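Start at 1 with the first residue, then count along the sequence. Just so you know, these numbers come straight off a predicted model, no measurement behind them.
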Amino acid sequence: MTESCLVQSYDRLVSLTEADRAFLRALEEHPQQYAAGEVIAEQGSACNDLFVVSEGWCASEIADEAGHCQIVDIHLPGDIIGTREVAFARRLSTLRAITAATVCPFPRSRLNTLFQQAPRLSGVFVLIAMRREAILSERIFDLGRRDALARVCHFLLEIQQRLQDSCTLRQDRIEMPLTQQQLADALGLTSVHISRVIRRLRETGVVDMRRGQVHVLDARRLKRLARMNEEYLELDTSWIEGAEPMPINPSMLDGQPNGAEPELEGVAVPESPVDRRIEPSLQGIGDDRDRPAGE
């Protein structure tokens, strides 16, 4: 049986026991299908669940009442979504499917079992959560110190490495289902900037980006243009390997371990202050905003 991207990504970091694998598989027991563009969880809604991405791409986005949007995170197969929001009663961002996606919700109360009974898995969970914070820090540096060309090149290399970690990288091609507007929303640029950068990279023989695929033509130049510090994607697992393996305990697979009560059940959730994003019209862009990047 081929393991899911979640199990494979954890297994790459530490040697998993069968109990570890059973716990991770249990997080994907309730898959739900979403169409591209569909909202999975709304900003401001009750934060009872975390999510595992089994297939497809998703994005976390923050929007205001004026319709301005910033994509703060891209989620790939094998990612656990919600680690940043687990401390809050309400969601800080909207989770949306970028492509057709299979997403598996699980109650955040299951983390109690993880932390109590699985020291090594807990360590990996923390490592991956901290890498998400490191990626966010790099995005802040993008917005403050990298120009448009460097931002796009840096983003492509980051996605390439993350796809490799999630077992979905295809040789020299980088899957890129984001539209030009979505890339702009992720990198703090306009779709016009994105279009110009993509054209420049193609004309100078660095990458060929079209139809949802990026073909890297000159990896060395791409890295140089990105001005990338790769250390933030390299995890140190040396302190985890000595932790005790997870014991086999059927209670660890329960949605509500240790008799925990469902969270916020029966509490009316007020309508999110941010409804479906309303994009302001932008002159001169035409249909580029919704065109797949590179076309």
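Note that CD of Q8 is 12.0 Å distant from CG of L13, once rounded to the nearest 0.5 Å. To the nearest 0.5 angstrom, I71 atom CD1 is 11.0 Å from S93 atom OG. Here C153 contributes atom SG and E158 contributes atom CD; the two are 13.0 Å apart, rounded to the nearest 0.5 Å. Within the model, atoms CZ of F106 and CG of N48 stand 12.5 Å from one another, a figure rounded to the nearest 0.5 Å. Between the CG atom in L189 and the OG atom in S195 there is a gap of 12.0 Å [rounded to 0.5 Å]. Rounding to the nearest 0.5 Å gives a distance of 10.5 Å between CD of E38 and CD of Q33.
When the side-chain hydrogen bond (donor to acceptor under 3.5 Å, both in side chains) test is applied to R21, the partners found at least two apart in sequence or on another chain are D11. In this structure, E175 has no side-chain hydrogen bond (donor to acceptor under 3.5 Å, both in side chains) partners at least two apart in sequence or on a different chain. Partners of S54 by side-chain hydrogen bond (donor to acceptor under 3.5 Å, both in side chains), not counting sequence neighbours, listed by chain and number: E28.
Under the 3.5 Å distance criterion, the side-chain polar atoms of R108 are left unmatched by any main-chain donor or acceptor of D49. A donor-acceptor pair under 3.5 Å links the side-chain atoms of S9 to the main chain of L6, judged by distance alone. The main-chain N or O of A129 is never found under 3.5 Å from a side-chain atom of T83 such that the two would form a donor-acceptor pair. A donor-acceptor pair is defined here as one N or O able to donate and one able to accept, closer than 3.5 Å; no such pair exists between the side chain of Q164 and the backbone of Q161. Judged by distance alone, the side chain of Q43 and the main-chain N or O of I62 form no donor-acceptor pair under 3.5 Å. With hydrogens and angles ignored, the 3.5 Å screen pairs a side-chain donor or acceptor of R202 with a backbone N or O of M209. Judged purely by atom type and a 3.5 angstrom limit, R120 uses its side chain to pair as donor or acceptor with the backbone of S15. Side-chain N or O atoms of T237 include none that pairs as donor or acceptor with a backbone N or O of I240 at under 3.5 Å.
Of all non-hydrogen atoms in S191 and A184, the two that sit nearest each other are N-CB, 3.7 Å. The heavy-atom pair separating R151 from L143 by the smallest distance is NH2-O, 3.4 Å. In plain terms, the two heavy atoms of R132 and I74 that are nearest each other are NH2-O, 3.2 Å. Contact record, W57 with P77: CD1-CD, 4.5 Å, taken as the closest heavy-atom pair. In plain terms, the two heavy atoms of L127 and L235 that are nearest each other are O-CD2, 3.9 Å. Taking all atoms of both residues into account, the shortest heavy-atom contact from R227 to R146 is O-NH2, 3.4 Å.
Using a 4.5 Å cut-off between side-chain heavy atoms of Ile, Leu, Val, Met, Phe, Trp and Tyr, with links allowed through other members, I140 and V152 fall into different hydrophobic clusters. L217 and L157 fall into different hydrophobic clusters, defined by Ile, Leu, Val, Met, Phe, Trp and Tyr side-chain heavy atoms under 4.5 Å apart, directly or through other members. Both I128 and L121 sit in one connected hydrophobic cluster of ILVMFWY residues. Membership requires side-chain heavy atoms under 4.5 Å apart, directly or through other members.
Aromatic ring orientation, Y232 versus H154: parallel (interplanar angle below 30°, classes split at 30° and 60°).
The shortest side-chain heavy-atom distance between V86 and L111 falls under the 4.5 Å cut-off. Looking only at side-chain heavy atoms (C-beta outward), L178 and F155 come within less than 4.5 Å of each other. Looking at R162 and D79, their side chains come closer than 4.5 Å, going by heavy atoms from C-beta outward. Counting only heavy atoms from C-beta outward, the side chains of L156 and I159 never approach each other to under 4.5 Å. R110 has its side chain within reach of L27: a pair of non-hydrogen atoms, C-beta onward, lies under 4.5 Å apart. A 4.5 Å side-chain heavy-atom check between D208 and V214 finds every atom pair outside the cut-off. Taking 4.5 Å as the limit, some side-chain heavy atom of S60 sits within range of a side-chain heavy atom of H75. The side-chain heavy atoms of V216 and I174, taken from C-beta on, include a pair separated by under 4.5 Å.
The pair E61-R96 meets the salt-bridge criterion, since a charged nitrogen lies less than 4.0 angstrom from a carboxylate oxygen. R131 and D165 are joined by a salt bridge, as a carboxylate oxygen and a charged side-chain nitrogen come within less than 4.0 angstrom of each other. For the pair E85 and R90, the salt-bridge criterion is not met [side-chain N within less than 4.0 Å of a carboxylate O]. R145 and E138 are not joined by a salt bridge, as no carboxylate oxygen comes within less than 4.0 angstrom of a charged side-chain nitrogen.
Using a 3.5 Å distance cut-off with no hydrogens or angles, the side chains of Q181 and D185 do pair a donor with an acceptor.
Taking Ile, Leu, Val, Met, Phe, Trp and Tyr as hydrophobic and joining them when side-chain heavy atoms fall under 4.5 Å apart, one finds V126 in a cluster with M130. The hydrophobic cluster containing L92, built from Ile/Leu/Val/Met/Phe/Trp/Tyr side-chain heavy atoms closer than 4.5 Å, also comprises F88. Cluster partners of I40, using a side-chain heavy-atom cutoff of under 4.5 Å among ILVMFWY residues and allowing indirect links, are Y34, F51, V53, I81, L95, V103.
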Practice problem: Go through the steps to decide whether I198 and I194 satisfy the test side-chain contact (heavy atoms from CB on, under 4.5 Å), and finish with yes or no. | Solution: CA-CA 6 Å; I198 291 172; I194 295 294; 3.6 Å; yes
Exercise. List the steps, then state whether side-chain contact (heavy atoms from CB on, under 4.5 Å) holds for E203 with R199.
Key: CA-CA 6 Å; E203 291 173 350; R199 184 169 61 249; 3.3 Å; yes
Exercise. Any chance you could lay out the side-chain contact (heavy atoms from CB on, under 4.5 Å) test for T204 and R221, step after step, and finish with the verdict?
Key: CA-CA 10 Å; T204 54; R221 288 180 63 197; 3.7 Å; yes
Practice problem: With side-chain contact (heavy atoms from CB on, under 4.5 Å) as the test, would you mind laying out the steps for T17 and F23 before giving the verdict? | Solution: CA-CA 10 Å; T17 66; F23 181 88; over 6 Å; no
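Screening V207, D218, L201 against L225 for a side-chain contact (heavy atoms from CB on, under 4.5 Å) leaves a single residue, L201.
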